[in-house]
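Okay, structure first, notes after.
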Amino acid sequence: MADELLKIVDQRTNSSYELPLSKGAIRAADLKKIKTGPEDSGVVSYDPAFLNTAACQSSITFIDGDKGILRYRGYPIEQLAEKCTFLEVAYLILHGELPTETQLENWVKDIKSHTMLHEKTKSFLEGFNHDAHPMGMFISTLAALSTLYPEARKVRDPEVRKLQIRRLVGKVPTIAAYTYRHSLGFPYVYPDNDLSYTENFMNMLWRMVEPKYQANPVLSRALDILFILHADHEQNCSANVMRAVGSSEADPYVATAAAAAALSGPLHGGANEEVLKMLDEIGSKDRVPAYIERVKAGQFKLMGFGHRIYKNYDPRARIIKWAADQVFVATGRNPKLDIALELEKVALEDEYFIKRKLYPNVDFYSGIIYQALGFKPDLFTVLFAIPRTVGWLAQWQDMLDDPEQKIARPRQIYTGYAARDFVPIEKRAARPVGAAR
Ligand code: ACO
């Protein structure tokens, strides 16, 4: 039911239209009725990169980018990061409510029963070069899981869906750890279900010959908090890919692999690795102003800065800064933090960044804390993908349960040639490439 009406006057025909306006949105499909005549297929909305298009209704995550607010299912991210474990937040995101003690116990048990990988996965990983990027191995292994669980294609069956969600949440840390062990040539470490989700991940990464891996509780808690902060972020690039691929009813393994591929780009989750490279390149605090000048001259972007939605401080960056202080007590201070703090200070006082409302995003400080925790930079985006798998799956489930959703299929505004006759090769003149654009 529409709350209000939006009146539009078409000056081409002097006709006026009343479009239903609900929750501040008109339906783009209603624009079709605005036409100049029977031959006209109607007005479309043109929105490259979805700057102002709501593609769904969703109750999972709320962001107010101007105020710097992030909530999962209504709960402020600050409270969840302080009081919950990652698996508790994963339950909240996927089920809509925080679990009771019994629900949490069963959920944790369920997830732990799916942490093992099929033994074939090892031989699959063996095919990669030792220096293959972990994100490439992670994406490919996720897609390969599809071949092991063919029943996952029954995406309309709620029980099948439930099982795949548990499998994916359980297995992503194992895949991530195996990509790391593969790159070092170390034997793979099997999951240890006595340990928490993050402790077990650390066990699979770093256990060598000791009979039982003991995680430093400060570090495993910091990693748990990082996982909470990265679990969902409403309709970002990778969530949109998850929904788009899932809308064709492809199975959740290939859809998650596609979402992870979107995450890997440097403008999205790949930025955390780029931030570390940037801090290395800057090298010392005194070189920050010169670097900022090069950013302002358009030579490159300041990685870890700017966001499509946040035009204020990203609340996740603030929590990461707090968590970093706890980690540094245990590990010693990462000297890159001083360069990052100086970069932030110089940028936030500079007219270029003020005018464009560019603030540090989640990726600005996460790399520094990941490095202090002992991770190599090329694993950073994989660390982002582990918890984000929860968000992708929640978005996927939301999309499949939404009766208004169909296969995703945007329109285009065709700008190419009108119909023209085929020209035999001997009569063709060379034309500049891209002449039709
Ligand atoms: N450094 C310098 N200038 C920037 C930056 C930056 N990091 N980000 C945006 N700008 C400038 C743009 O050049 C543009 O300037 P102009 O108006 O003079 O042309 C203006 O700010 C607006 O930027 P857009 O590119 O239009 O913003 P958009 O919403 O499309 O992009 C994005 C957002 C991709 C995050 C961008 O800010 C960026 O590339 N940041 C660096 C990469 C990064 O940190 N990505 C992680 C994002 S968080 C995440 O995905 C998990």
Side-chain angles (χ1 to χ4, degrees), residues 46-53 61-70 77-78 226 229-230 233-240 262-325 333-372 377 380-381 384 388:
Y46 175 59
D47 190 11
F50 306 122
L51 291 185
N52 193 30
T53 294
T61 293
F62 172 81
I63 302 175
D64 183 329
D66 292 325
K67 295 196 182 122
I69 292 174
L70 168 62
I77 190 69
E78 293 79 5
L226 284 162
L229 300 181
H230 287 87
H233 212 234
E234 53 117 306
Q235 307 313 311
N236 52 78
C237 176
S238 54
N240 182 54
L263 186 77
S264 70
L267 298 188
H268 192 10
N272 52 16
E273 186 180 341
E274 298 301 318
V275 169
L276 253 274
K277 284 189 205 154
M278 174 182 80
L279 296 176
D280 277 339
E281 190 190 331
I282 297 172
S284 61
K285 270 168 63 173
D286 55 306
R287 296 178 61 184
V288 164
Y291 193 86
I292 292 281
E293 286 310 313
R294 292 174 68 197
V295 170
K296 286 161 57 182
Q299 288 184 23
F300 37 71
K301 282 190 170 163
L302 187 58
M303 298 314 283
F305 253 70
H307 200 277
R308 173 66 59 78
I309 304 294
Y310 290 120
K311 300 302 168 199
N312 198 328
Y313 214 95
D314 182 334
R316 301 168 299 175
R318 195 170 277 126
I319 302 170
I320 291 181
K321 258 169 103 174
W322 171 85
D325 288 338
R333 195 176 165 86
N334 185 340
K336 293 201 179 80
L337 181 67
D338 295 322
I339 305 173
L341 287 169
E342 182 69 10
L343 257 182
E344 179 187 323
K345 184 170 153 285
V346 173
L348 293 185
E349 285 168 358
D350 192 293
E351 191 51 29
Y352 176 97
F353 294 87
I354 295 169
K355 203 171 105 198
R356 292 171 178 78
K357 298 189 175 166
L358 301 170
Y359 290 86
N361 59 49
V362 70
D363 289 323
F364 192 66
Y365 286 106
S366 63
I368 295 171
I369 185 167
Y370 287 145
Q371 195 172 51
F380 291 176
T381 312
F384 191 152
R388 184 52 63 84

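Below, each value reflects all heavy atoms present in this structure, side chains not excepted, and no hydrogens, waters or symmetry copies.
The minimum heavy-atom distance between Thr381 and Ser264, with the atom names listed, is CG2-CA, 4.0 Å. Nearest heavy-atom pair across Glu274 and Pro266 is CG-CB, 3.8 Å. Looking at every heavy atom in both residues, Ala49 comes nearest to Arg308 through O-NH1, 3.0 Å. Contact detail for Gly68 and Asn312: the closest heavy-atom pair is N-CB, 4.0 Å. Shortest non-hydrogen contact noted between Pro360 and Ala317 is O-CB, 4.1 Å. Of all heavy-atom pairs between Ile339 and Ser284, the closest is CD1-N, 3.9 Å.
Side-chain atoms of Asp314 come within 3.5 Å of backbone atoms of Val362 as a donor-acceptor pair (strictly under, hydrogens ignored). Formation of a donor-acceptor pair under 3.5 Å by the Asn240 side chain with backbone atoms of Gln235 is not found in this model. Looking at Asn272, its side chain never comes within 3.5 Å of a backbone N or O of Ser366 through a donor-acceptor pair. A donor-acceptor pair under 3.5 Å links the side-chain atoms of Asp47 to the main chain of Thr53, judged by distance alone. Looking at Arg294, its side chain never comes within 3.5 Å of a backbone N or O of Ala290 through a donor-acceptor pair. Using a distance-only test at 3.5 Å, with no hydrogens or angles considered, a donor-acceptor pair links the side chain of Arg388 to the main chain of His230.
Within a 6.0 Å sphere centred on CG of Asn52, other residues, nucleotides and ligands contribute 12 heavy atoms or fewer. In Phe50, the CZ atom is not crowded: 12 or fewer heavy atoms of neighbouring residues, nucleotides or ligands sit closer than 6.0 Å. No more than 12 heavy-atom neighbours from other residues, nucleotides or ligands sit within 6.0 angstrom of NZ on Lys67.
The residues Lys321 and Glu344 are annotated as salt-bridged, a charged nitrogen and a carboxylate oxygen being separated by less than 4.0 angstrom. For Lys357 and Asp66, the salt-bridge test fails: no basic side-chain N is under 4.0 Å from an acidic carboxylate O.
Taking 4.5 Å as the limit, every side-chain heavy atom of Phe62 sits out of range of all side-chain heavy atoms of Leu70.
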Using the side chain to side chain contact (heavy atoms under 4.5 Å, CB included) rule, take Asp338 and Arg333 through it: C-alpha gap first, then chi angles, then the decisive distance, then the call.
CA-CA 9 Å; Asp338 295 322; Arg333 195 176 165 86; 2.5 Å; yes

I'd like to know whether Tyr352 forms a side chain to side chain contact (heavy atoms under 4.5 Å, CB included) with Leu358, so could you lay out the CA-CA distance, the side-chain angles of the two residues, the decisive distance to 0.1 Å, and finally the verdict.
CA-CA 9 Å; Tyr352 176 97; Leu358 301 170; 3.9 Å; yes

Ring pair (Phe, Tyr, Trp, His ring centres under 6.0 Å) evaluation trace for Phe384 with Tyr370
CA-CA 10 Å; Phe384 191 152; Tyr370 287 145; 8.6 Å; no

For a side chain to side chain contact (heavy atoms under 4.5 Å, CB included) check, start with the C-alpha distance between Asn236 and His268, then their side-chain angles and the critical distance, and finish with the verdict.
CA-CA 9 Å; Asn236 52 78; His268 192 10; 3.5 Å; yes

Evaluate the criterion side chain to side chain contact (heavy atoms under 4.5 Å, CB included) for residue pair Tyr291 and Met278; output intermediate values, then yes/no.
CA-CA 10 Å; Tyr291 193 86; Met278 174 182 80; 3.1 Å; yes

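Taken from CD1 in Ile320 to CG in Leu229, the straight-line distance is 5.5 Å, to the nearest 0.5 Å. Atom CG in Leu341 sits 8.5 Å away from atom NZ in Lys285 (nearest 0.5 Å). Note: Tyr359 OH to Ile354 CD1 = 8.0 Å, rounded to the nearest 0.5 Å. The line from CG of Asp64 to OH of Tyr310 is 9.5 Å long, rounded to the nearest 0.5 Å. Here Met303 contributes atom CE and Glu281 contributes atom CD; the two are 12.0 Å apart, rounded to the nearest 0.5 Å. The line from CD of Glu351 to NZ of Lys296 is 9.0 Å long, rounded to the nearest 0.5 Å.
When only modelled atom types and interatomic distance are considered, Thr61 and His233 share no side-chain donor-acceptor pair under 3.5 Å.
With sequence neighbours left out, Ala347 forms a side-chain contact (heavy atoms from CB on, under 4.5 Å) with Ile292, Leu302, Phe305, Phe353.
Applying side chain to side chain contact (heavy atoms under 4.5 Å, CB included) to Gln371 and the options Leu279, Leu276, Leu337 leaves one that passes, Leu276.
Note that Arg318 lies in the cation-pi zone of Tyr313, set by a 6.0 Å cut-off to the ring centre and a 45° limit from the axis.
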